[in-house]
Amino acid sequence: MAEPLVLGVESSCDETGIGLVRGTTLLANAVASSVDQHARFGGVVPEVASRAHLEAMVPTIQRACADAGVTLEEVDAVAVTAGPGLAGALLVGVAAAKALALGLGVPLYGVNHLGAHVAVDVLDHGPLPQPMMALLVSGGHTNLLHVPDITSDIRSLGETIDDAAGEAFDKVARVLGLPYPGGPHIDRVARDGDPTAIRFPRGLTARKDMERHRYDFSFSGLKSSVVRWVQARERDGEPVPVADVAASFQEAVVDVLTRKAVLACTEHDVMDLQLGGGVAANGRLREVLEERCAEAGIRLRVPRRDLCTDNGAMVAALGSLLIAAGHEPSPLDIPADSSQPVGQIRPLARVAS
Amino acid sequence: MLLALDTATGSIGAAVLDGDQVLSEVTFQDSRRHGELLAPAMEQALTAAGGTVADLTAVAVGVGPGPFTGLRVGIVTGLVLGELRGIPVHGICSLDALAEQAVRDGVVDGPFLVATDARRKEVYWAEYAVEQGRPRRASGPGVAHAVDLPESTRALPAVGRGPLLYDALTRAGVDAPVDVHPGMLGAVAHRALAAGEVPGEVPDGILLAPEPLYLRRPDAAVPGPPKVVP
Ligand SMILES: [Zn+2]
């Protein structure tokens with residue numbers, strides 16, 4: 001029998017994603033982004049994102065089917081991001097997925113967004129190593145995950161205790177007069193700067209912090225430190241060396257992310273690390289991570305760029321792995337859970353009252 | 001078969017109609033769980049009507065006004081089902097369903113007000129006239145603090161949750177409907193379709209585009225320059 005055709009729905013933040021996957025083969029990955037609508041606000045506005053999801057949902061479904069050359073009637077199962085994410089945004093995708101599942105008479109699989117970020121690499125580099133470590137970095141999350149089995153056992157080792165790394169990029173870009181989203185612009189400008197020009201703080205790396213927050217991250221202090229440094233320059237009427245500030249800031253972020261990720265691998269005897277999330281596109285992050293992984297003998301996997309940012313294919317991929325592992329579908333009354341813990345790969349069902 | 005859905009109020013539900021006859025109606029009362037309860041309501045309504053999604057010929061969905069998060073659940077559900085089955089999806093002002101019920105139940109027989117909970121101490125409202133035993137929307141829908149509505153509007157007998165929440169409004173009677181019944185929403189849609197109304201052709205028509213009547217802008221402020229950090 002042919003492997004099941006799984007449709008994945010993603011709407012946890014500002015991308016409406018519909019993916020189509022057959023087994024572990026990627027057929028389509030249609031994404032509609034509302035990023036332009038958030039630009040003038042300097043960050044994702046939840047209500048704006050939710051409105052955009054509603055408008056984009058059906059056109060994105062149509063585009064995915066056209067790209068894959070399939071009709072909806074051929075779909076064998078529907079997977080959807082149930083959390084974590086923005087509550088109102090998640091709800092649009094969850095409702096759409098339920099309508100698809102009910103209308104097609106096929107099973108529904110609610111899945112964890114972070115798990116989907118990890119699972120996606122099965123579409124690019126084949127079966128996932130077991131166990132593996134995953135470093136997920138984006139505007140919405142910064143997580144270090146220990147993954148013995150993607151379908152049943154995901155453990156959170158650490159996460160940001162304040163801002164996500166991508167958020168820090170956005171805020172620093174704003175201070176430097178660079179456009180939103182800040183990540184690609186900081187990356188570009190930093191290439192002409194000296195990463196050692198200014199020694200910005202490395203959050204949660206002091207000895208005391210390494211005891212309590214060994215694998216956690218903090219970027220809020222770094223961001224304030226950059227703002228303070230730039231404003232002091234401006235106060236003194238001196239020009240701001242944008243490239244040096246961007247490079248030095250980026251170096252501080254990259255240094256902590258890569259150091260802790262490699263530490264987590266060596267301390268847990270896990271020799272496979274996967275990078276994911278939108279910030280995985282950052283050139284300096286990949287460069288330093290490659291170097292440090294090579295030194296430590298760790299194999300590094302980075303899914304291709306369009307699979308790193310939020311998308312529906314990653315959701316379909318995790319759904320497909322759950323089906324292959326024989327997991328039960330979700331009932332039609334699963335909630336969208338904005339704070340779904342990472343260890344909870346599937347949303348908990350509630351009984352309709 | 002027509003499937004009618006509404007998630008504009010704390011009543012989340014689905015109804016299946018054959019012509020103007022409501023075959024089944026399933027609603028759950030919960031103002032925070034639209035996303036969880038609509039699909040089961042739909043499934044149960046279809047089963048009770050002895051039909052499946054394949055039997056549907058049209059979908060009518062309440063487009064509010066109502067709190068946005070819940071409202072979108074019903075609309076996206078309708079849109080996806082319409083896409084799936086290749087059938088039309090009609091938006092119906094959710095307040096029209098309350099008006100229909102109030103008239104059918106004999107709670108009102110002259111001009112009246114429908115007012116629902118818009119949160120933030122406001123109501124979603126519309127004024128109706130009764131003509132030939134049927135409600136006709138005369139003004140609205142709008143969103144306002146109940147006390148800020150014109151004196152003449154506040155004086156009208158009111159249905160919906162609004163008069164239960166705000167003393168400035170006068171409830172039409174102890175039997176006045178409070179939440180939207182999807183069966184009534186379907187009946188309103190059926191009547192417009194049977195009368196040959198072409199969506200978008202009549203100004204102030206009954207059949208609306210299947211998109212939310214938001215009436216409010218998203219809360220979002222364009223940030224100023226970064227704060228000076230001491
Ligand atoms: Zn993500």
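Just so you know, these numbers use all the heavy atoms, side chains as well, and skip hydrogens, waters and symmetry mates. Every chain is numbered from 1 and lettered A, B, ... according to where its sequence line falls, protein lines coming before strand lines.
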Whether over 12 other heavy atoms sit under 6.0 Å from [X] [atom1]:
X: B:R32; atom1: CZ; value: no
X: A:R233; atom1: CZ; value: yes
X: A:E238; atom1: CD; value: yes
X: B:D204; atom1: CG; value: no

Could you measure the distance from the [atom1] atom of [X] to the [atom2] atom of [Y]? Nearest 0.5 Å is fine.
X: B:T69; Y: A:L86; atom1: OG1; atom2: CG; answer: 11.0 Å
X: B:R72; Y: A:M57; atom1: CZ; atom2: CE; answer: 11.5 Å
X: B:R85; Y: A:E73; atom1: CZ; atom2: CD; answer: 6.5 Å
X: B:T77; Y: A:L100; atom1: OG1; atom2: CG; answer: 9.5 Å

task = Can you tell which part of B:L84 gets under 4.5 Å to a heavy atom of chain A, answering side chain, backbone, both or neither?
result = both
inquiry  = Under 4.5 Å from any heavy atom of chain A, what part of B:V80 do you find: side chain, backbone, both or neither?
reply    =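 Backbone plus side chain of B:V80, per the 4.5 Å heavy-atom cut-off to chain A.
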query = So, are A:R51 and B:E211 salt-bridged, with charged N and O less than 4.0 Å apart?
reply = no
message = In the structure I gave you, are the side-chain heavy atoms of B:M42 and A:L332 within less than 4.5 Å of one another anywhere?
response =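 B:M42 vs A:L332: side chains apart.
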Quick one: which of [options] has the most heavy-atom pairs under 4.5 Å with chain B, could you say?
options: A:A99, A:G88, A:G93, A:P46; answer: A:A99
options: A:V94, A:T71, A:V92; answer: A:V92
options: A:A96, A:S225, A:S50; answer: A:S50
options: A:I61, A:L54, A:L104, A:V45; answer: A:L54

task = Kindly give the heavy-atom pair with the smallest separation between B:A39 and A:L102, and that separation in Å.
result = O-CD2, 4.1 Å
query = Between B:V76 and A:A95, which heavy-atom pair has the shortest distance, and what is it?
reply = CG1-CB, 3.5 Å
query = Can you tell which of B:L56, B:D219, B:V73 has the highest number of heavy-atom pairs within less than 4.5 Å of chain A?
reply =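 Ranked by heavy-atom pairs under 4.5 Å with chain A, first place is B:V73.
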Criterion salt bridge (Lys or Arg N to Asp or Glu O under 4.0 Å) on B:E36 and A:K98, from CA distance to verdict = CA-CA 9 Å; B:E36 289 154 68; A:K98 289 178 179 180; over 6 Å; no
